[in-house]
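One-based numbering along the sequence shown.
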Amino acid sequence: MSDEVSQNVTLAADGAEVVVDPRNGCRIAGLRVGGLELLRQGPRYGAFPMVPWCGRTDRGRFRNGGEVHQLPLNSPPHAIHGTGRDTAWRTVRTASEGGASAAFTYDLADPWPYSGRVTQLVELTGDSLTLTMGIETYDDSFPAQAGWHPWFLRNLGTGKDVEIGFRPDWQEERGEDHLPTGRRIDPRPGPWDDCFGMPDGVDVTLTWPGALELKVTSRAEWVVVYDEQSEAVCVEPQSGPPNGLNSHPRLVTPIDPLEISTTWTWRSLA
């Protein structure tokens, strides 16, 4: 497939279907399993990649060595969720052998101060969706983060609301500015708009009683859980905590790109 911005890409495999919208931040615009749509619909929802940072960056500022950079304050007083979700990506490959997959890329550009390329690979089977994202630099090394922000429907229209099950090792204490304070605390009951640490890898189970179970897993050790909205809940595996450009900088270098993946695996409970 040519290296250009394309229309929506639909992948199907054994009763599962995923729709990717490259023009709108390469978000997963829909995920249907056994005829049930799992994601909240709308241009701001679905499941979008957070890149080259995740969550809030304190007042939009981050440091790389002796340089201080200012990002646009798209969620005043902070910068939130990166620039990838507001960018048109290019579809570079689709395939249907052994399942269904597609690959997408975009080049980092203003207002991000460094050059590089971001790639997202989407792989669908009949019982799983795997998303893999990579960041590489064309020139200077820079701190970066990557992750996903899915909006799972709270209710699939089949009965009870979704239940969230996970056992984190800690919770990042959240200050009044919605940023982690740097203090780790024992996990507290929801509702949440909080970051949790799972050093053995993210492992969160969403259960729609009598309908479907979906497990979100990742080798990453950070996950944000947000369940304060009536229509949807979010389980966000990511390579670092909110404000991680400052508190947990992970350098992308010419010989060490950043790569993260997450797999969503489901089974019917009907």
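- Under the 4.5 Å side-chain heavy-atom criterion for grouping Ile, Leu, Val, Met, Phe, Trp and Tyr, Ile135 is not connected to Phe48 through any hydrophobic cluster.
- The existence of a salt bridge linking Arg27 and Asp21 is excluded, since no basic side-chain nitrogen approaches an acidic carboxylate oxygen closer than 4.0 Å.
- Taking a cutoff of 4.0 Å between a charged side-chain nitrogen and a carboxylate oxygen, Arg267 and Glu213 qualify as a salt bridge.
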Can you check side chain to side chain donor-acceptor pair (under 3.5 Å) on Asn243 and Asp58, steps first, answer last? CA-CA 6 Å; Asn243 200 35; Asp58 186 12; 4.7 Å; no
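- A donor and an acceptor atom, one from each side chain of Tyr106 and Arg117, are nowhere located under 3.5 Å apart.
- Note: His149 and His81 meet the aromatic proximity criterion, with ring centroids under 6.0 Å apart.
- Between Glu173 and Arg184, none of the side-chain N atoms (NZ, or NE/NH1/NH2) sits under 4.0 Å from a carboxylate O, so this pair counts as no salt bridge.
- Ring geometry for Phe152 against Trp208 counts as perpendicular: the plane angle is over 60°, on a 0 to 90° scale with 30° as the lower cut.
- Using modelled atom types and a 3.5 Å distance limit, the side chains of Thr205 and Lys215 yield a donor-acceptor pair.
- Not less than 6.0 angstrom separates the ring centroid of Phe142 from the ring centroid of Trp53.
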Enumerate, atom names and distances included, each donor-acceptor pair closer than 3.5 Å involving a side-chain atom of residues 221-232, sequence neighbours excluded.
residue : atom : partner : partner atom : Å
Asp227  : OD1  : Trp192  : N            : 2.6
Gln229  : OE1  : Arg40   : NH1          : 2.9
Gln229  : OE1  : Ala232  : N            : 3.4

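- When every heavy atom of Ser128 is checked against every heavy atom of Thr265, the shortest pair comes out as CB-OG1, 4.0 Å.
- Cluster annotation: Val118 is connected to Val9 through the hydrophobic network of ILVMFWY side chains, with a link wherever side-chain heavy atoms come within less than 4.5 Å.
- Considering only heavy atoms from C-beta on, Ile28 comes within 4.5 Å of Leu131 through its side chain.
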Using salt bridge (charged side-chain N to carboxylate O under 4.0 Å, His left out), reason through Asp256 and Arg250 one step at a time and then give a plain yes or no. CA-CA 10 Å; Asp256 188 17; Arg250 196 291 195 187; 3.4 Å; yes
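- Hydrophobic clustering (ILVMFWY, side-chain heavy atoms < 4.5 Å, transitive): Met50 and Val235 are in distinct clusters.
- Hydrophobic clustering, with ILVMFWY side chains joined whenever heavy atoms are under 4.5 angstrom apart, groups Leu39 together with Leu156.
- Side chain of Ser75 to backbone of His78: no donor-acceptor contact under 3.5 angstrom is found.
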With ring pair (Phe, Tyr, Trp, His ring centres under 6.0 Å) as the criterion, how do Trp112 and Phe62 come out once you've worked through the C-alpha distance, each side chain's angles and the decisive distance to 0.1 Å? CA-CA 11 Å; Trp112 184 251; Phe62 73 97; 5.1 Å; yes
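- Summarising the geometry of Leu269 relative to Thr207, their closest heavy-atom pair is CD1-CG2, 3.8 Å, with the distance given to 0.1 Å.
- If you check the side chains of Asn246 and Arg61, you find no donor sitting under 3.5 Å from an acceptor.
- Using modelled atom types and a 3.5 Å distance limit, the side chains of Arg59 and Gln70 yield no donor-acceptor pair.
- In this model, a donor atom of one side chain and an acceptor atom of the other lie less than 3.5 Å apart for Thr130 and Thr263.
- Among all heavy-atom pairs drawn from Ala47 and Trp264, the shortest one is CB-CH2, 3.8 Å.
- The only option from Val33, Leu153, Val162 that meets the side-chain contact (heavy atoms from CB on, under 4.5 Å) definition with Leu38 turns out to be Val33.
- Counting heavy atoms from C-beta on, the side chains of Val51 and Met133 come closer than 4.5 Å.
- The closest side-chain heavy-atom distance from Arg90 to Asp107 is below 4.5 Å.
- Classified by interplanar angle (parallel below 30°, tilted 30° to 60°, perpendicular above 60°), the ring pair Tyr45/Trp151 is perpendicular.
- What you find for Pro237 and Ser218 is that their closest heavy atoms are CB-CB, 4.0 Å.
- Residues Leu212 and Phe166 share a single hydrophobic cluster, defined by chaining ILVMFWY side chains whose heavy atoms lie under 4.5 Å apart.
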